[in-house]
Visitor: 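Dumping the structure here so I can ask a few things about it.
Sequence lines set the chain letters: A, B, ... in the order given, protein chains first and strands last, and positions in each chain run from 1.
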2 protein chains.
Amino acid sequence: MVTDTYHHGNLRAALVAAAAELVSDAGVEGVTMRSLSRAAGVSRAAPYRHFADKRELLAAVAEAGFLDLDRRLSEVEGRGAAGAVEGGEGRAVLADLMRAYVGFALDRPGHYRLMFSPDIVRPPRSVSLQESASRAFERSLEAIRAAQETQELRSGDAAALASIMWSAVHGLAVLLLDGQVRVTSDGSGGHALLAGDETDEAQNVESFIELTIEIVLDGLSSAASEARRS
Amino acid sequence: MVTDTYHHGNLRAALVAAAAELVSDAGVEGVTMRSLSRAAGVSRAAPYRHFADKRELLAAVAEAGFLDLDRRLSEVEGRGAAGAVEGGEGRAVLADLMRAYVGFALDRPGHYRLMFSPDIVRPPRSVSLQESASRAFERSLEAIRAAQETQELRSGDAAALASIMWSAVHGLAVLLLDGQVRVTSDGSGGHALLAGDETDEAQNVESFIELTIEIVLDGLSSAASEARRS
DNA sequence: ACCTGAACACCGTTCAAGT
DNA sequence: ACCTGAACACCGTTCAAGT
């Protein structure tokens, strides 16, 4: 039973919800303004009372995605906060953040791709999209700083380290999502980037993620050239 | 002076060339079958004698991109090979490979994005696309193995390490390309992933890349849990 | 204020028909 | 074999007009 009119004033919300569902089910390319109008029981022109164009509507969906990601990351932080103060937990918190991050990407591939789709995310971005994305980033930044204070990470520009951590796990996420990294069953190994067709891996994905997290943390904690002054 | 007929038999090559130029100039979304036909001086239907669909044509452009990437990586390997045998050069070769990789992405953003665009690269892929992509990957695999033999990298599944290295630098590349990581001038630092609008960074990009490379190599070389058996 | 109907300028793709 | 003309089934977006 479809409500046959949206004069009640929340066409905007209904469109975003319909778009989010389409993004989940069929990916960004499955979203058309016409199908959204149809789903909302409204004319093709109606959405343009609420969004300047398709890009703006998709940006709203991406923003909801960033809020969801931020929520997941905040749960991790809440969990780890008590231990972190005592020291020695900084690495564990960062590992949990990375797990949560990749987990989000694998759980919501359509949203994740949209959130990092150049057409949507490339400047100019709306301030609200901007802010929701930055908020998620700030969490890793704070976790990085905390781990630096307990000597668990190398010193240096925390924002740089956070960017590097995020870009590493972003690379992992998109390659996993696109099936461009295959994980075989011969031990802990990732295998043959861009290799053969469908196989049944899936459980080894997790151990591959764990190895990546370990290596990223090791890199971020190595003394290296940054430690010359200590 | 446009040649007004392509009966001479290489419409296929002309279409791929025109598409590659459009990809460079305007990105993948700038490519339309109709504009390609127009550029080649041929009817809209003609391309379909040579390609099943648009995806297949773009895959040919992506394949050329992988060949170019592979060429760049092979130049690095040729340069480092002599020293690598003597040991101690393995890390330097890997660093050069990563530099060349990111350099390619920044030089040819349109091609790079196309090469990792899910619609093109997601299975089923043509065997030739498959092979050209794998070839580029094999290079890092061999370099990883060489560095393991000289004790410059941790032991363990070389393919996994190669995948992790590639995914880290892939993440760096796409975030740089999309302007989602900003680099400010306060030292060596990357800054504020997904932060503000246009600034004039550009020179600091290089030092940010260098820091990433250093951290990735440190992570790949740390003894960690993998070294329990040594 | 919010929505509709109808149009405009695009797409990718197909298919009979031409040479 | 290779290409054309014309059509089909889509798009995003606009704009006068309705309520």
Visitor: On DNA chain D, nearest-nucleotide positions of A:R34 versus A:A45: which is more 5'?
Guide: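 Final value for this comparison: A:R34.
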Visitor: Figure out the CG/C1' separation between B:L15 and D:dC3, and round it to whole Å.
Guide: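 Value for this atom pair: 12 Å.
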Visitor: Quick one: which residue pairs count as a side-chain hydrogen bond (donor to acceptor under 3.5 Å, both in side chains) with a foot in residues 27-39 of chain A, not counting sequence neighbours?
Guide: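 Non-adjacent pairs meeting side-chain hydrogen bond (donor to acceptor under 3.5 Å, both in side chains): A:T32-A:S35.
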Visitor: A:R38 has a side chain; which of D:dT4, C:dC3, D:dC11 sits nearest to it?
Guide: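 Taking heavy atoms from C-beta onward, the closest nucleotide is D:dC11.
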Visitor: Determine the minimum heavy-atom distance between B:A59 and B:I120, stating which atoms define it.
Guide: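 That would be CA-CG2, 3.8 Å.
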Visitor: Given side chain to side chain contact (heavy atoms under 4.5 Å, CB included), test B:S163 with A:F208 step by step and report yes or no.
Guide: CA-CA 10 Å; B:S163 294; A:F208 183 67; 3.7 Å; yes
Visitor: For B:H111, what residues pass the ring-ring contact (aromatic ring centres under 6.0 Å, His included) criterion, not counting sequence neighbours?
Guide: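 Residues passing ring-ring contact (aromatic ring centres under 6.0 Å, His included) with B:H111: none at all.
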Visitor: Is the distance between the ring centroids of B:Y101 and B:Y112 less than 6.0 Å?
Guide: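 Ring centroids of B:Y101 and B:Y112 are less than 6.0 Å from each other.
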Visitor: To the nearest angstrom, how far is B:M33 atom CE from C:dT14 atom P?
Guide: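 Distance, rounded to whole Å: 10 Å.
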Visitor: Test: salt bridge (charged side-chain N to carboxylate O under 4.0 Å, His left out). Region: residues 45-65 of chain B. Which pairs qualify, not counting sequence neighbours?
Guide: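 Output for this query is empty, none listed.
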Visitor: Using atom CZ of B:R44 as one end and atom P of C:dC10 as the other, report the distance to the nearest whole Å.
Guide: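 It works out to 11 Å between those atoms.
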Visitor: Of all the choices, D:dT4, D:dC11, C:dC11, which nucleotide is nearest to the side chain of A:T32 once you look at every atom?
Guide: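 Nearest to the side chain of A:T32 among the choices is D:dC11.
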Visitor: Can you name the side-chain hydrogen bond (donor to acceptor under 3.5 Å, both in side chains) partners of B:R99, sequence neighbours left out?
Guide: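 Expected list: B:D96, B:E210.
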Visitor: Quick one: the dot-bracket string of DNA chain D, using Watson-Crick and G-U wobble pairs with both distances under 3.5 Å, [ ] for crossing pairs and | for bases paired to another strand.
Guide: ||.|||||...|||||.||
Visitor: For DNA chain D, which residues of residues 47-61 of chain A approach it to below 4.0 angstrom with any heavy atom?
Guide: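 Heavy-atom contacts with DNA chain D come from A:Y48, A:D53, A:K54.
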Visitor: Quick check: are there more than 12 heavy atoms from other residues, nucleotides or ligands sitting under 6.0 Å from CZ of B:R44?
Guide: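 Counting neighbours around CZ of B:R44, 12 or fewer heavy atoms of other residues, nucleotides or ligands fall under 6.0 Å, so no.
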